[in-house]
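These notes concern the structure reproduced below.
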Amino acid sequence: MPRNDAAAGTSRLTRFQQRTRQILRVKRARHLVQLAVAALIVVAAVRHQLEEEPAGAASVDALCPFGAVETLLTWVTTGSLVSRTHPSNLVLGAALLAATVLAGNAFCGWICPFGAVQDALSWLRRRLHLPSLTIPERADRILRYGRFVVLAVVVVLSYTTARLWFADYDPYLALFGLNWLFGSDSPLLWAGLAVLAVVLAGALVVDRFWCRYLCPLGGVLSVLGRLSLLRIRRSPSACTDCTLCDRACPVGLRPSAAAPLVHPDCVGCMDCVTTCPVRGALQVEAPVLLGVPVLSATGAAAPPARRAPRTAGGEES
């Protein structure tokens, strides 16, 4: 029977071939989800641009969960929303909060269309054999605080100006809002396009440049990711220190140094897990409460973890 033939064919595959197939399946699934979300955003942007009454079709602003962060302080203190935000932003923000507590920063790795664009640029660089830029570990740690600097500036200025201040400079909106295609009377259109050009140029030489160092929503999710019930955990007894997982990480973390949980900056792409050649060395585990595994891999109560030094890709246990 065909099903038996397929099963027999799979059983004849070497362990390496089976692992390669698994990696490809996960990567294809992730890229298909990213492509579908990006297509949805582009369709929404086109509809909004072509709408005779712009308020009748959702804008890209209304479909962004970061709008909830931008308008939250104004909404709590005054009961109103920052201009160009919508109750849908609060709904999406609440949904993202719940998803992050459950599954960490999977939004960044699987959903965010701007993350998908950066992944595509990394793929293009590899295909064209272009050089990449390696950021020293110490500089990388410092630069990651840039997300929180941008976040603080955006929140403060959004509250004090009572408008969506960041929209003029947001590279995501500059690209997916399609104002560059349909024309715009905004005097700051070129400022947004200039920021977009710098970010895309950075992403061409550093994987997910925006996500690593500047994305304000990424800063929020990095903090909330510490509360996630699902985290990728490294087993020191199974790990062979081959560092293949480090090379696969698109945001420059070091899963091979996790002690035992991978850093909250993880975007949940699963590339490290699928690339790892040793079964059980890296795996998604739950429940994890406040960064502490409740159960071990065998289901028993997890023993107290030994304290390990913090690294660029590992989280102090």
Side-chain angles (χ1 to χ4, degrees), residues 100 104-105 108-109 112 114-115 117-119 121-123 125-126 130-156 169 171 195 197-228 231-236 239-273 275-276 281-282 288 290-292 305-317:
T100 304
N105 300 357
C108 300
C112 178
F114 199 67
V117 170
Q118 293 175 88
D119 287 342
L121 289 174
S122 295
W123 174 84
R125 184 190 69 238
R126 290 191 292 269
L130 299 176
S132 61
L133 179 64
T134 301
I135 307 297
E137 186 173 313
R138 183 176 181 182
D140 177 76
R141 287 199 304 269
I142 295 173
L143 289 172
R144 288 178 190 268
Y145 286 103
R147 298 168 298 167
F148 302 103
V149 173
V150 175
L151 175 63
V153 171
V154 171
V155 170
V156 170
Y169 309 98
V195 173
V198 171
V199 168
L200 294 183
L204 194 58
V205 295
V206 177
D207 290 342
R208 289 213 173 206
F209 172 80
W210 171 257
C211 303
R212 289 195 201 189
Y213 304 130
L214 294 171
C215 179
L217 181 58
V220 174
L221 298 183
S222 175
V223 174
L224 294 178
R226 296 179 181 275
L227 306 177
S228 175
R231 298 281 295 276
I232 296 176
R233 184 182 182 189
R234 169 180 168 268
S235 172
C239 179
T240 62
D241 297 318
C242 66
T243 71
L244 289 175
C245 54
D246 297 346
R247 301 176 215 173
C249 181
V251 288
L253 301 180
R254 293 178 56 204
S256 66
L261 301 176
V262 172
H263 196 278
D265 282 355
C266 169
V267 296
C269 66
M270 299 292 291
D271 283 357
C272 63
V273 177
T275 302
C276 178
L282 282 175
V288 175
L290 299 178
V292 179
R306 296 177 58 189
R307 185 167 294 276
R310 188 182 297 274
T311 66
E315 183 183 2
E316 188 181 71
S317 58

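The structure displayed is predicted, hence computed values, not measured ones.
- Proximity of a side-chain donor or acceptor of Arg226 to a complementary backbone N or O of Val223 within less than 3.5 Å is not detected.
- Contact detail for Arg208 and Val251: the closest heavy-atom pair is CD-CG1, 4.0 Å.
- In this structure, the side chains of Arg126 and Ser132 stay at 4.5 Å or more apart for every pair of heavy atoms.
- The nearest pair of heavy atoms linking Gln118 to Ala203 is CG-CB, 3.9 Å.
- With values rounded to the nearest 0.5 angstrom, Leu282 atom CG is found 4.5 Å from Cys276 atom SG.
- The two residues Pro131 and Val205 come nearest to each other via the heavy atoms O-CG1, 4.2 Å.
- Within the 3.5 Å criterion, the main-chain N or O of Gly218 finds no donor-acceptor partner in the side chain of Asn105.
- A distance-only check finds no donor-acceptor pair linking the side chain of Ser228 to the backbone of Leu224 [under 3.5 Å].
- Rounding to the nearest 0.5 Å places SG of Cys245 at 10.0 Å from CD1 of Ile232.
- Salt bridge Arg254/Asp140: absent, no basic N to carboxylate O contact under 4.0 Å.
- Taking CZ of Arg144 as the reference point, atom CG of Leu253 lies at 5.0 Å (rounded to 0.5 Å).
- To the nearest 0.5 angstrom, Arg247 atom CZ is 14.0 Å from Cys272 atom SG.
- Residues Pro250 and Cys269 are in side-chain contact: their nearest non-hydrogen atoms beyond the backbone lie under 4.5 Å apart.
- Residues Pro255 and Asp246 form a side-chain contact, since some pair of their non-hydrogen atoms from C-beta on lies under 4.5 Å apart.
- The backbone N or O of Ser256 sits less than 3.5 Å from a side-chain atom of Arg234, completing a donor-acceptor pair.
- Residues Gly219 and Phe148 come closest through the heavy atom pair O-CE2, 3.3 Å.
- Among all heavy-atom pairs drawn from Thr100 and Gly225, the shortest one is CG2-N, 4.0 Å.
- Closest approach of Val267 to Cys108, counting heavy atoms only: CG1-CB, 3.7 Å.
- By the 30° and 60° cut-offs, the orientation of the rings of Phe209 relative to Tyr213 is perpendicular.
- Residues Leu200 and Val117 form a side-chain contact, since some pair of their non-hydrogen atoms from C-beta on lies under 4.5 Å apart.
- A distance-only check finds a donor-acceptor pair linking the side chain of Arg212 to the backbone of Asp207 [under 3.5 Å].
- Residue Ser122 holds its OG atom at 11.0 Å from CG of Leu130, rounded to the nearest 0.5 Å.
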